[in-house]
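Atoms within each ligand, like the ligands themselves, are counted from 1 in listed order. Being a predicted model, the structure only gives us computed values, none of them experimental. When a residue number appears, it is its place in the shown sequence, counting from 1.
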Amino acid sequence: MLKLTYHGHSCFELEADGHRVIVDPFLNGNTHAKVKPADVKVQAVLVSHGHGDHVGDAVEIARRNRCAVVANFEIANWIEGQGAESYGMHIGGSHTFPWGRVKLTPALHGSSLPDGVYGGNPAGFLIWMGGKCVYYAGDTGIMSDMALYGRLNPIDLALLPIGDNYTMGVEDAAEAAVLLGCKQAMPIHYNTFPVIPADPKEFLRRVEAHGIRGRIAGFGETIEV
Ligand code: NI
Ligand code: MN
């Protein structure tokens, strides 16, 4: 059984078989987050790209938990420079950790780190835990590659940004879910800031018209994948 806890924006935890990881741990400054970095108990921190609303509290959480930040090579190096452990990967590559398997996927976006350092290409993640596959798109526009990744890696749940402006909006995100061929789709990266307003129910209406189950998790809510 795989459980997902949503902390708002693009931050979520996955838990299965006694293992727990957090993705894009933007907690300080995220008004929707109900937990603080000190509350987070995980075996890994995954970071999709260098922007502050994704790197977030990764260094503090990794140091407190004595665990690694999993990210692309450039961000992994930067994390080491901040005094935390890292595990570097890159797009198209996968690795099996004690808690599950991860593959980095492409994202169409930027990736400069908070201090301006180059963060390499932005990424998304395919994550296998508890017998399920979760696809987290990261910050990205829609791209036809999604169909290929979905065909090669059957997806139980896709987490897709819908806030528009910096990423896909509702219409493109719903079409991305169709391209991915995922069983379920959940909207993320919206309503955190005034510039990314979106209606998650409109996203659900659109994906459900294609036979995809729409999921919405409240802030701090845990759902079963
Ligand atoms: Ni970004
Ligand atoms: Mn973002």
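For the Mn ion (ligand 2), the nearest N, O or S atom contributed by D139 is named OD2. For the Mn ion (ligand 2), the nearest N, O or S atom contributed by H189 is named NE2. Distances from the Ni ion (ligand 1) to the N/O/S atoms of D139 are shortest for OD2. In terms of distance to the Mn ion (ligand 2), the nearest N, O or S atom of D53 is named OD2. Note on H51: its N/O/S atom closest to the Ni ion (ligand 1) is ND1. Closest to the Mn ion (ligand 2) among the N, O or S atoms of H54 is NE2.
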Chi angles and distances behind the side-chain hydrogen bond (donor to acceptor under 3.5 Å, both in side chains) call for H7, H32: CA-CA 7 Å; H7 296 304; H32 293 151; over 6 Å; no

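A side-chain donor from one of W78 and D115 sits under 3.5 Å from a side-chain acceptor of the other. When only modelled atom types and interatomic distance are considered, H49 and D24 share no side-chain donor-acceptor pair under 3.5 Å. A donor and an acceptor atom, one from each side chain of H9 and D53, are located under 3.5 Å apart.
In summary, of the residues considered (F26, Y136, Y6), a ring-ring contact (aromatic ring centres under 6.0 Å, His included) with F12 occurs for Y136 alone.
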